[in-house]
Amino acid sequence: MFKVFILLMVSFIHPESVLPAGKIVYVSDIGRFGIGDGAILTLKGDTVAYGMVDPKGLAYYDGKIYVADVNRIWEVSPSGKKSVFVSPNGFALNARFLNDLAVYKGKLYVSDTYTNRVYEIGMHDKTPHKLFDIEKPNGICFCEDGTMLVITFTIPAMIYKFKNGKLIELYKNKKFKGGDGIVCTGDKVYASFYLSGQVVEFEKKGDKLVFVKVLKDGLKTPADIGLSKDGILYVPQLESGKIIKINLREAGK
């Protein structure tokens, strides 16, 4: 057995994404949908940046936080100053629902769930280029070997890998619905399923993912998960306002 801790010390409204970055764990809180009271906070409740519409995916690069917010990407400095990194005009077919972010080798990647696109953005030229089309892409991450994983907000949810210009289906199961967050470490992959309420562990086996176990079920809208270097998996539950953490080192015993 392993322990699941519910983090109750902070009252979030709609926590969507958790980003462990060194000693600080950041949380994007949508606030009230479409109002403009979205914020980036620390897990302890300290406000880092405020005044976003519906902030979702987070990424960390060169000391700064990047935030996907509906149709733009924000850059947030260590002091909390926010500026537009990519404006709505920067996206080809008008971004509608920018969702998750990932950084790999000096490039930023973002999913747009409602236009069925994943973009690649140079950190210096700040110009989005369509990487591929896929139905309702949500969570994205990179494994150590440079493989990108993407999970879809579909029924059933689908998990794909993208490498060397090819998109390959790795896993689907009708029990898992509305794929949201995904992280990769070693040969393990962890994913959250927003609509069916699970956090699941998989193992990579060539061009397939093998189901290992459900780490937690019965969750209310588990969204974009984040994994710390010490093996703590953070799971925000958007509609309940709660965040749980799962100790993966204990889960593996």
Side-chain angles (χ1 to χ4, degrees), residues 4-20 25-43 45 52-59 67-70 96-102 110-114 135-141 149-159 171-183 189-202 211 213-228 232-246 248 251:
V4 176
F5 298 92
I6 300 177
L7 306 177
L8 296 174
M9 68 284 285
V10 176
S11 178
F12 297 102
I13 300 174
H14 289 111
E16 205 282 333
S17 182
V18 179
L19 172 69
V25 178
Y26 297 97
V27 179
S28 64
D29 193 337
I30 288 172
R32 295 167 295 171
F33 291 94
I35 298 299
D37 62 346
I40 308 303
L41 305 96
T42 69
L43 194 61
M52 301 174 186
V53 181
D54 294 332
K56 297 180 181 68
L58 302 173
V67 187
D69 185 13
V70 186
R96 294 175 54 201
F97 199 86
L98 297 180
N99 205 328
D100 198 20
L101 292 174
V110 61
S111 59
D112 187 345
T113 305
Y114 286 178
E135 184 182 7
K136 293 185 178 179
N138 196 334
I140 53 178
C141 72
L149 300 182
V150 56
I151 190 168
T152 65
F153 197 74
T154 53
I155 301 175
M158 311 279 283
I159 300 176
Y171 189 87
K172 70 175 179 179
N173 188 312
K174 63 182 180 181
K175 295 181 180 179
F176 303 135
K177 303 173 183 179
D180 201 307
I182 190 165
V183 295
V189 174
Y190 301 92
S192 62
F193 297 91
Y194 185 94
L195 296 178
S196 49
Q198 306 106 335
V199 176
V200 179
E201 178 181 315
F202 300 94
F211 169 81
K213 57 189 170 186
V214 174
L215 292 178
K216 183 66 177 174
D217 60 9
L219 296 174
K220 188 173 183 180
T221 60
D224 188 19
I225 55 180
L227 178 61
S228 68
I232 301 297
L233 187 67
Y234 294 88
V235 185
Q237 297 177 88
L238 189 140
E239 290 188 9
S240 73
K242 296 182 175 66
I243 296 174
I244 65 170
K245 64 178 183 178
I246 301 171
L248 295 180

(request) Determine whether Pro156 and Asn173 make a side-chain contact, defined as any pair of heavy atoms from C-beta on separated by less than 4.5 Å. (result) no
(request) Find the distance between NZ (Lys172) and OG1 (Thr154) and round it off to the nearest 0.5 Å. (result) 9.5 Å
(message) If I take atom CG from residue Asn99 and atom CG from residue Asn138, how far apart are they, to the nearest 0.5 angstrom?
(response) 4.0 Å
(message) Counting C-beta onward and ignoring hydrogens, is there a side-chain heavy-atom pair between Asp54 and Asp69 closer than 4.5 Å?
(response) yes
(request) Locate the shortest heavy-atom distance separating Glu16 from Gly57; write the atom from each residue and the value. (result) OE1-N, 3.8 Å
(message) I'd like to check the ring pair (Phe, Tyr, Trp, His ring centres under 6.0 Å) partners of Tyr26; sequence neighbours left out, ordered by chain and number.
(response) none
(request) Check whether any side-chain N or O of Glu201 sits under 3.5 Å from a backbone N or O of Lys213 as a donor-acceptor pair, and report yes or no. (result) no
(message) More than 12 heavy atoms of other residues, nucleotides or ligands under 6.0 Å from OH of Tyr114: yes or no?
(response) no
(message) Looking at every heavy atom in both Gly178 and Ala157, which two are closest together, and how far apart are they?
(response) N-CB, 4.1 Å
(message) Taking the side chain as everything from C-beta on, heavy atoms only, tell me whether Ser228 gets closer than 4.5 Å to Val25.
(response) no
(message) Please give me the minimum heavy-atom distance between Ile246 and Lys216, naming the atom from each residue.
(response) CD1-CB, 4.2 Å
(request) Please tell me if the side chains of Tyr234 and Leu43 come closer than 4.5 Å, counting only heavy atoms from C-beta onward. (result) yes
(request) Report yes or no: does Asp29 contribute a side-chain atom to a donor-acceptor pair with the main-chain N or O of Phe12 at less than 3.5 Å? (result) no
(request) Please confirm whether the backbone N or O of Glu239 pairs with a side-chain atom of Thr221, one donor and one acceptor, at under 3.5 Å? (result) yes
(request) Any chance you could measure Ser111, atom OG, to Ile151, atom CD1, to the nearest 0.5 Å? (result) 11.0 Å
(request) To the nearest 0.5 angstrom, please state how far the NZ atom of Lys175 sits from the CG atom of Asp217. (result) 11.0 Å
(request) Would you please name every residue forming a ring pair (Phe, Tyr, Trp, His ring centres under 6.0 Å) with Phe153, sequence neighbours left out? (result) Tyr194
(message) With side chain to side chain contact (heavy atoms under 4.5 Å, CB included) as the test, pick out the partner of Val235 among Asp180, Ile243, Leu219.
(response) Leu219
(request) Measure across His14 and Leu238 and return the closest heavy-atom pair with its distance rounded to 0.1 Å. (result) CD2-O, 3.2 Å
(request) Over 60° means perpendicular and under 30° means parallel, so classify the ring planes of Phe176 and Phe193, tilted if in between. (result) parallel
(message) I need the minimum non-hydrogen distance between Asp112 and Pro137, along with the two atoms involved.
(response) O-CG, 3.7 Å
(request) Applying side chain to side chain contact (heavy atoms under 4.5 Å, CB included), run through Met158 and Thr152 and close with a yes or a no. (result) CA-CA 5 Å; Met158 311 279 283; Thr152 65; 3.4 Å; yes
(message) When you measure from the centre of the six-membered ring of Phe97, is the NZ or CZ of Lys136 closer than 6.0 Å and no more than 45° off the axis?
(response) no
(request) Report yes if some heavy atom in the side chain of Leu58 is under 4.5 Å from a heavy atom in the side chain of Asp224; otherwise report no. (result) no
(message) Do Ile232 and Lys245 have side chains that approach each other closer than 4.5 Å (heavy atoms only, starting at C-beta)?
(response) yes
(request) Grab the two heavy atoms, one from Pro236 and one from Pro15, that are nearest each other, plus how far apart they are. (result) CB-O, 3.6 Å
(request) Kindly compute the distance separating CZ (Phe33) from CD1 (Ile13), expressed to the nearest 0.5 Å. (result) 10.0 Å
(request) Check whether any side-chain heavy atom of Ile182 sits under 4.5 Å from a side-chain heavy atom of Val189, and report yes or no. (result) yes
(request) Could you grab the distance from atom CZ of Phe211 to atom CZ of Phe202, nearest 0.5 Å is fine? (result) 7.0 Å
(request) Evaluate side chain to side chain contact (heavy atoms under 4.5 Å, CB included) for Val150 paired with Asp100, printing each intermediate quantity in order. (result) CA-CA 10 Å; Val150 56; Asp100 198 20; over 6 Å; no
